[in-house]
Amino acid sequence: MTGTSAEAGRGNRVNGLITPYRPMTMESVPGKNPVTHVGKVYNVTAQLMTQALVDAIDGVTDAQCCLVSQIGLPVNEPQLVGLQLRTAEAVALEEVRARAEAIVREHLGEMGALRERRLRRQPPLI
């Protein structure tokens with residue numbers, strides 16, 4: 001709300017963490033427009049998406065997501081969705097691919113609803 005680091009934790013990152021050896025954005029989300037600022041919208045969406053992938057798919061132990069926007073495209077249509085999954089040793093990527101793609105599509109489709117919830121201050125407020 002105010003744009004200070006006191007609201008979002010250390011470094012103004014969505015999850016408040018500084019994560020060495022993991023991909024991260026330097027984009028600060030507090031105070032940004034929750035409807036059109038892709039730095040905010042994509043950070044929140046990517047975090048929720050990766051958590052859903054790990055929670056919903058047996059054998060997925062870690063997920064990383066990079067969403068890339070393009071000027072002129074709607075916010076809910078990223079130019080690129082880069083997804084990296086780590087699976088348990090006995091689980092092949094092909095076994096989880098279809099479910100992972102469905103979860104990604106679901107979260108991209110819910111971006112509008114997610115923005116509306118944030119505007120009404122309903123969880124998740126990230």
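Along the sequence shown, the residues carry numbers beginning at 1.
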Q. By the rule that ILVMFWY residues connect when side-chain heavy atoms come within less than 4.5 angstrom, directly or transitively, which residues belong alongside Leu80?
A. Val68

(Q) Using every non-hydrogen atom in the two residues, find where Asp62 and Gln64 come nearest and quote the distance to one decimal. (A) OD2-NE2, 3.6 Å

Q: Start with the C-alpha gap between Val96 and Thr87, add the side-chain angles, then the distance that decides, and say whether side chain to side chain contact (heavy atoms under 4.5 Å, CB included) holds.
A: CA-CA 9 Å; Val96 300; Thr87 60; 4.2 Å; yes

Quiz: residues 52-59 side-chain donor-acceptor pairs under 3.5 angstrom, not counting sequence neighbours:
{"residue": "Asp55", "atom": "OD1", "partner": "Gln51", "partner atom": "NE2", "Å": "2.9"}
{"residue": "Asp55", "atom": "OD2", "partner": "Gln51", "partner atom": "NE2", "Å": "3.2"}

(Q) For a 4.5 angstrom cut-off between non-hydrogen side-chain atoms, does Val81 reach Cys65? (A) yes

Q) Which pairs, with at least one residue in residues 68-77 and sequence neighbours excluded, count as a side-chain hydrogen bond (donor to acceptor under 3.5 Å, both in side chains)? A) Gln70-Gln79

(Q) Assigning hydrophobic clusters by single linkage (Ile, Leu, Val, Met, Phe, Trp, Tyr; side-chain heavy-atom cutoff under 4.5 Å), is Leu73 placed with Leu67? (A) no

Q: Heavy atoms only: give me the nearest Ala88-Thr61 pair and the separation to one decimal.
A: N-CG2, 4.0 Å

Validation: residues 97-112 side-chain donor-acceptor distances under 3.5 Å, sequence neighbours left out:
{"residue": "Arg97", "atom": "NE", "partner": "Glu94", "partner atom": "OE1", "Å": "3.4"}
{"residue": "Arg97", "atom": "NE", "partner": "Glu94", "partner atom": "OE2", "Å": "3.1"}
{"residue": "Arg97", "atom": "NH2", "partner": "Glu94", "partner atom": "OE2", "Å": "2.8"}
{"residue": "His107", "atom": "ND1", "partner": "Ile103", "partner atom": "O", "Å": "3.1"}

